[in-house]
Amino acid sequence: MPITDPTWNFFVVLGIILFAPMLLERLRVPSIVGLIFAGVVIGPHGFGVLERDDSFELFGKVGLYYIMFLASLEMNLQDVQKIKGRALVLGLLSFAIPMAIGFAVNRAVLPGYAVAAAVLMAAMYASHTLISYPIVLRYGISRLPSVSIAVGGTIVADTLTLLVLAVVGGMFKEQVTGLYWLWLVVKVMLIGAGILIAFPAIGRWFFRRYDDGVVQYIFVLVLVFLGAGLMEMVGIEGILGAFLAGLALNRLIPPTSPLMSHVEFVGNALFIPYFLIGVGMLIDLRALGHSGAILVAAVMTLTSIATKWLAAFSTQKIFKMQPDDRRLMFGLTGARAAATLAVVLVGYKIILPDGTRLLDDDVLNGAMVLILVTCVVSSLVTDRAARKMATRGTPADAQADAPKGGRIVLAISNPETVRPLVHIALMLQPEREEGSITALNVVLENEPAAAAEGGKGLQKAVKIAAAANVKIQTHSRWSVNVVSGISHTVKEQNATDLLIGLHQKSKLTESFYGKLTTDLLAVVDRQILIYRGVIPANTVRHMHIAVPRRAEFETGFAQWTERLAQIAAQTGCAVTVYGARQSLAAVEKQWKGKGQSLAAAFQEYNSWRDLLPLAHNTRQDHLMVFVCAHKGGISYHHYFEHLPDQIERNFSTRNLLIVYPSRAGRGGNASAFLGN
């Protein structure tokens with residue numbers, strides 16, 4: 001002891017990551033707490049099984065960045081836009097109340113510390129780390145308003161805390177003037193703006209050209225560490241850069257995408273547990289053997305917990321929220337780790353002219369106790385509040401995330417369209433239940449050799465869906481013709497929607513839709529969606545929806561509005577709806593009635609004979625949606641006969657989705673998708 005061999009070192013850490021949560025789950029103790037306690041036990045201040053070597057430094061820093069990155073990546077930016085005022089208030093209160101009360105308490109109860117030391121200690125109280133955020137993810141309530149407020153408030157509180165750290169630290173390195181403060185703020189704003197502007201553009205360019213999952217994941221990590229490194233260059237801790245990188249990439253990594261699954265899997269399986277164990281290894285409980293150390297630790301811990309509760313309580317009362325919202329906000333903002341470690345370590349390394357440290361050993365050990373106690377309290381409070389909120393029913397503010405009934409039948413025909421159509425299927429998937437997606441391949445009886453090629457397409461679809469942790473069923477159907485095979489499957493699966501890839505012309509004499517699509521439009525009475533993906537769906541920045549007059553009177557009106565809202569929610573894109581005034585009002589009312597929070601604009605437009613103005617509004621990274629109607633339908637107009645020619649002429653290089661609403665009502669419980 002301690003173990004120094006890398007093989008056994010890694011074996012012990014993996015064993016802790018595997019068994020600690022399993023053991024503590026029976027005691028109803030959050031796994032986060034177990035990992036921190038495990039670090040205390042095996043660390044140099046415990047039984048000395050392992051040293052806190054460079055591997056814990058490296059993986060711990062990656063885990064710290066991962067927590068901040070995941071927190072901002074999981075945010076629903078459309079919801080944040082609605083609650084940005086509340087998030088700002090919580091962030092300011094979470095910083096101002098601990099700083100003011102903490103500084104006063106430090107000077108009154110711990111008079112032996114200088115003003116600069118008292119300020120840094122108060123900064124520890126003001127910061128917080130989203131240690132308990134994985135608990136929220138596990139209960140599936142990450143998009144509740146109170147969670148978004150807490151996550152949004154994190155960036156405000158931690159940014160201000162890190163600015164205080166940079167200023168106080170700079171006072172002992174160089175002569176501080178007003179220009180130093182100004183230049184520091186300017187540098188942080190420039191770097192932050194650069195990340196938020198440049199990273200999305202770079203990400204869209206990269207994702208359009210490379211679709212390999214491993215390459216995309218490494219690219220994301222590169223941007224996370226680039227953002228963190230840029231912030232460290234200007235004197236701010238890298239956690240701010242990692243958080244901003246998540247905000248920048250938020251719209252490019254949909255929650256149901258394979259890339260999101262990769263990001264969450266690696267972080268939760270390795271990096272974040274490594275970080276938590278490393279935090280526990282810093283804690284030396286034996287150092288609290290004298291009354292001075294106990295007093296410092298007690299003051300720091302009690303003041304920290306009380307002021308964060310007061311900030312959450314004030315936010316709840318100001319905005320008239322529920323007590324459970326207060327508990328959840330307090331739980332999420334109550335833990336200290338990232339910025340607290342940065343503050344105490346910087347203060348510990350500052351040597352005063354008399355040879356003493358700005359923050360002595362008592363404060364260092366007190367900070368470790370603060371981290372341990374607040375992480376335990378935060379985890380327990382968050383777990384209890386999240387469990388209660390997850391089991392009390394779907395809150396009104398979270399209706400957009402409520403699962404919609406349905407099944408997806410993904411029929412494979414053209415191998416080139418499998419990937420874009422599977423990605424759209426994942427975005428439209430109403431439920432994340434096993435068997436809710438069925439991949440279909442129709443084999444003609446007079447072409448048995450095509451069965452092998454169709455099987456490869458099914459395997460490709462399964463592989464793509466598996467990367468997003470979605471298990472799909474496969475079905476190869478023999479039929480005398482493709483249309484009957486598809487239509488019979490739609491009926492057998494009780495499908496409500498049929499999505500087909502847009503026909504690719506091989507001859508100039510062929511029609512825009514092609515014979516297969518035309519026949520399906522004639523025989524299938526369920527909703528039909530025709531899709532063409534020019535760029536990856538996750539890189540779409542804006543969705544334009546053209547709605548015909550009287551569309552609100554069609555049977556399938558609620559169905560297609562729901563599906564389009566799902567796409568917008570997954571991609572986080574802006575939405576503009578064009579149509580008659582009455583139809584626009586109906587769409588807006590439908591979305592608001594379902595609680596769907598979309599960044600939607602409504603523009604009156606009645607000139608379907610000329611779509612050139614709409615074409616001028618679209619860009620390469622936009623999705624154009626046309627809601628059409630079957631002949632004889634309430635919203636059918638004669639100009640639909642010329643719509644294919646206009647689409648081909650004006651939107652040939654755009655992502656395209658053409659919707660034919662259901663004529664059979666919502667009696668089914670599934671969605672069928674076909675790649676043509």
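Given the structure is predicted, the values throughout are model-derived calculations rather than measurements.
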Less than 4.5 Å apart, any side-chain heavy atom of Arg550 and any of Ser583? no
What do you reckon, is NZ of Lys460 surrounded by more than 12 foreign heavy atoms closer than 6.0 Å? yes
Quick one: does Ser487's side chain have a donor or acceptor within less than 3.5 Å of a partner on Val483's backbone? yes
Residue set satisfying salt bridge (charged side-chain N to carboxylate O under 4.0 Å, His left out) with Arg541, at least two apart, ordered chain then number -> Asp621
Evaluate the criterion side chain to side chain contact (heavy atoms under 4.5 Å, CB included) for residue pair Gln603 and Val577; output intermediate values, then yes/no. CA-CA 6 Å; Gln603 182 174 333; Val577 187; over 6 Å; no
Is it true that a side-chain atom of Ser479 and a backbone atom of Val482 form a donor plus acceptor pair closer than 3.5 Å? no
Can any side-chain N or O of Ser652 pair as donor or acceptor with the backbone N or O of Arg649 at less than 3.5 Å? no
To the nearest 0.5 Å, what is the distance between CD (Gln566) and CG (Leu426)? 11.5 Å
With distance as the sole test, does Asn650 use its side chain to make a donor-acceptor pair with the main-chain N or O of Gln646 at under 3.5 Å? yes
Contacts of Arg609 that satisfy salt bridge (charged side-chain N to carboxylate O under 4.0 Å, His left out) - sequence neighbours left out: none
Can you name the nearest heavy-atom pair linking Tyr531 to Leu499, along with the distance? CB-CD1, 3.7 Å
What verdict does the side-chain hydrogen bond (donor to acceptor under 3.5 Å, both in side chains) test give for Asn481 and Ser484, after you've listed the backbone C-alpha separation in whole Å, the side-chain angles of each residue and the deciding distance to 0.1 Å? CA-CA 6 Å; Asn481 63 72; Ser484 63; 3.0 Å; yes
Using side chain to side chain contact (heavy atoms under 4.5 Å, CB included), reason through Leu643 and Cys628 one step at a time and then give a plain yes or no. CA-CA 9 Å; Leu643 183 62; Cys628 300; 3.4 Å; yes
Under the ring-ring contact (aromatic ring centres under 6.0 Å, His included) test, residues paired with Phe206 that sit two or more places apart: Tyr210, Phe219
Side chain to side chain contact (heavy atoms under 4.5 Å, CB included) for Gln620 and Ile535? Distances and angles first, verdict last. CA-CA 8 Å; Gln620 185 67 34; Ile535 63 172; 4.2 Å; yes
Partners meeting ring-ring contact (aromatic ring centres under 6.0 Å, His included) with His630 (sequence neighbours left out): Tyr660
Can you tell me how far apart CG (Asn250) and CG (Leu73) are? Round to the nearest 0.5 Å. 6.0 Å
Could you check whether any side-chain heavy atom of Leu70 comes within less than 4.5 Å of a side-chain heavy atom of Ile272, counting everything from C-beta outward? yes
Measuring from atom CE of Met624 to atom CG of Leu611, what distance do you get when rounded to the nearest 0.5 angstrom? 7.0 Å
Is there a side-chain contact between Leu249 and Leu223 (heavy atoms, below 4.5 Å)? yes
When you look at Phe651 and Phe626, which way does the ring pair (Phe, Tyr, Trp, His ring centres under 6.0 Å) test go after all the steps? CA-CA 11 Å; Phe651 302 94; Phe626 290 98; 5.3 Å; yes
Can you list the steps and then say if Ser662 with Thr555 is a side-chain hydrogen bond (donor to acceptor under 3.5 Å, both in side chains)? CA-CA 6 Å; Ser662 170; Thr555 305; over 6 Å; no
I'd like to know whether His542 forms a side-chain hydrogen bond (donor to acceptor under 3.5 Å, both in side chains) with Thr576, so could you lay out the CA-CA distance, the side-chain angles of the two residues, the decisive distance to 0.1 Å, and finally the verdict. CA-CA 8 Å; His542 202 120; Thr576 301; 2.7 Å; yes
Rounded at 0.5 Å granularity, tell me how far CG in Asn655 sits from NE2 in His622. 11.0 Å
Compare all side-chain heavy atoms of Thr571 with those of Met427 and state whether any distance is below 4.5 angstrom. yes
Could you walk me through whether Arg477 and His488 satisfy the side chain to side chain contact (heavy atoms under 4.5 Å, CB included) test, starting with their C-alpha distance in whole Å, then the side-chain angles of each, then the deciding distance to 0.1 Å, before giving a yes or no? CA-CA 10 Å; Arg477 183 189 185 99; His488 290 161; 3.3 Å; yes
Please report the closest heavy-atom contact between Ala386 and Ile135, naming both atoms and the distance. CB-CG2, 4.4 Å
Student check: side-chain heavy atoms of Asp212 and Tyr217 closer than 4.5 Å: no
Would you say the rings of Phe640 and Tyr636 are close, in the sense that their centroids are separated by under 6.0 Å? yes
Side-chain donor/acceptor of Tyr274 to backbone N/O of Ala269, under 3.5 Å: no
Considering all heavy atoms, the nearest Val418-Gly457 contact: CG1-O, 4.2 Å
Compare all side-chain heavy atoms of Asp497 with those of Arg563 and state whether any distance is below 4.5 angstrom. yes
Using the test salt bridge (charged side-chain N to carboxylate O under 4.0 Å, His left out), find all partners of Lys515 that sit at least two apart in sequence or belong to another chain. Asp519
Measuring only between side-chain heavy atoms, which start at C-beta, is Leu252 closer than 4.5 Å to Phe199? no
Tell me, please, which residues at least two apart from Asp645 pass salt bridge (charged side-chain N to carboxylate O under 4.0 Å, His left out). none
How long is the span from the CG atom in Leu657 to the CZ atom in Arg532, to the nearest 0.5 Å? 11.0 Å
Considering non-hydrogen atoms only, spot the tightest contact between Gly267 and Pro273 and give its length. O-CD, 3.5 Å
Quick check for you: to the nearest 0.5 Å, what is the distance between Thr561 atom OG1 and Lys589 atom NZ? 13.0 Å
Verify the neighbour count for atom OH of Tyr639: are there more than 12 heavy atoms of other residues, nucleotides or ligands below 6.0 Å? yes
Surrounding CD of Gln582 (heavy atoms of other residues, nucleotides or ligands, distance under 6.0 Å), is the total greater than 12? no
Do you know which two heavy atoms are closest between Leu614 and Ala546, and how far apart they sit? CD1-CB, 4.2 Å
Show the nearest heavy-atom pair for residues Pro548 and Ser635, with the distance to one decimal. CB-O, 4.0 Å
Min side-chain heavy-atom separation Gln527-Val659 under 4.5 Å: yes
